[in-house]
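Report on one structure; see the data block that follows.
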Amino acid sequence: PTEPTMVLRLKFLNDTERLARVRPGDTVGALKRAYFPGQEQQVRLIYQGQLLRDDTQSLAALHLTHNSVLHCHISPHSSAPAPAGPRASADPAHAALDVGSLVLPLFVLMLAVLWYFQLQYRHVFTATATTFLAGLTLLFSFVAFTMYRR
C-alpha cells in the first residue's frame, strides 16, 4: 500500500504560488530538494508563522494537510558556512563591526562634543552658529526617531 499524496501550496513573497505534490512521510529536506534543486540552502519554508528549520522532520509531524500553505523565501545568498580564509571576516560575528552601523553613534558623539564646546566656550559661538547647531540637532533627532520607529 502506497502512501496517499497531498498537494501543498508554496506561496512566494511576490504572491505567486506553486503546487507541490508530496507524501506525508516526506521530509522538509526532500521537499526542498524536489522543488528547489540546487537552492536547498537558500530556501526558507514557513508554516503557520514558524520557520521549518529541521530538514529531517516529516511533513506529517508538522501536521501539514492537503492544500496547506507553505510560505517560501529564497535568499540570494547561501546560509551555508563560509569557507575559512581571507574572506573569513564576512562571518556574522564580524558583521556587527560594519562601518555603516557606526555612523549614528559617531554623529551623536560629534553633536555631543559640539554642544559641550558651545556651553563651555559660549563666547566663541555666534548666535548663527548656535542656531545652526540647534537646528542640526533637531533634524538629526527627527531622522533618528523616524528610522528607529519602524
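Keep in mind that what you see is a predicted model, and the values were worked out from it rather than measured.
Hydrophobic clustering, defined by side-chain heavy atoms of Ile, Leu, Val, Met, Phe, Trp and Tyr closer than 4.5 Å, groups Leu19 together with Val7.
Within the structure, every pair that satisfies the ring-ring contact (aromatic ring centres under 6.0 Å, His included) test and touches residues 116-138, not counting sequence neighbours, is listed here: Phe117-Tyr121. Applying the side-chain hydrogen bond (donor to acceptor under 3.5 Å, both in side chains) test to pairs two or more places apart or on separate chains, those with a residue in residues 125-135 are Gln118-Thr130. Within the structure, every pair that satisfies the salt bridge (Lys or Arg N to Asp or Glu O under 4.0 Å) test and touches residues 54-68, not counting sequence neighbours, is listed here: Lys32-Asp55. Under the salt bridge (Lys or Arg N to Asp or Glu O under 4.0 Å) criterion, no residue pair touches residues 56-75, with sequence neighbours excluded.
A search for side-chain contact (heavy atoms from CB on, under 4.5 Å) contacts involving Ser68 returns Leu8, Tyr47, Leu64, Thr65, not counting sequence neighbours. The side chain to side chain donor-acceptor pair (under 3.5 Å) search around Asn67 returns none, not counting sequence neighbours. Residues satisfying the side-chain contact (heavy atoms from CB on, under 4.5 Å) criterion with Val108, sequence neighbours excluded, are Phe140. Residues passing the ring-ring contact (aromatic ring centres under 6.0 Å, His included) test with Phe12, sequence neighbours excluded: none. In this structure, Ala112 has no side-chain contact (heavy atoms from CB on, under 4.5 Å) partners at least two apart in sequence or on a different chain. The side-chain contact (heavy atoms from CB on, under 4.5 Å) test applied to Arg53 returns Leu51, not counting sequence neighbours. Residues meeting the salt bridge (Lys or Arg N to Asp or Glu O under 4.0 Å) test with Arg9, sequence neighbours left out: Glu17.
Rounded to the nearest 0.5 angstrom, Leu111 CG and Phe107 CZ are separated by 5.0 Å. How far NZ of Lys11 is from OG1 of Thr16: 9.0 Å, rounded to the nearest 0.5 Å. Atom CG in Leu114 sits 8.0 Å away from atom CG in Leu136 (nearest 0.5 Å). Interatomic distance, CG of Leu52 versus CD of Gln57, reported as 7.0 Å (0.5 Å rounding).
A distance-only check finds no donor-acceptor pair linking the side chain of Thr5 to the backbone of Arg23 [under 3.5 Å]. Gln50 places no side-chain N or O within 3.5 Å of a backbone atom of Gln48 that could act as its donor or acceptor partner.
No path of Ile, Leu, Val, Met, Phe, Trp and Tyr side chains, each step under 4.5 Å between heavy atoms, connects Leu31 with Val69, placing them in separate hydrophobic clusters. Linking Ile, Leu, Val, Met, Phe, Trp and Tyr whenever their side-chain heavy atoms come within less than 4.5 Å puts Ile74 and Leu10 in one cluster.
A pairwise comparison of heavy atoms in Val43 and Leu45 identifies CG1-CD2, 3.9 Å as the closest pair. Annotation for Cys72 and Phe36: closest pair SG-CZ, 4.0 Å, computed over non-hydrogen atoms. Nearest heavy atom pair, residue Pro24 against residue Ser58, reads O-CB, 4.0 Å.
Thr56 has its side chain out of reach of Val28: every pair of non-hydrogen atoms, C-beta onward, lies at least 4.5 Å apart.
Within a 6.0 Å radius of CZ in Arg21, no more than 12 heavy atoms belonging to other residues, nucleotides or ligands are found.
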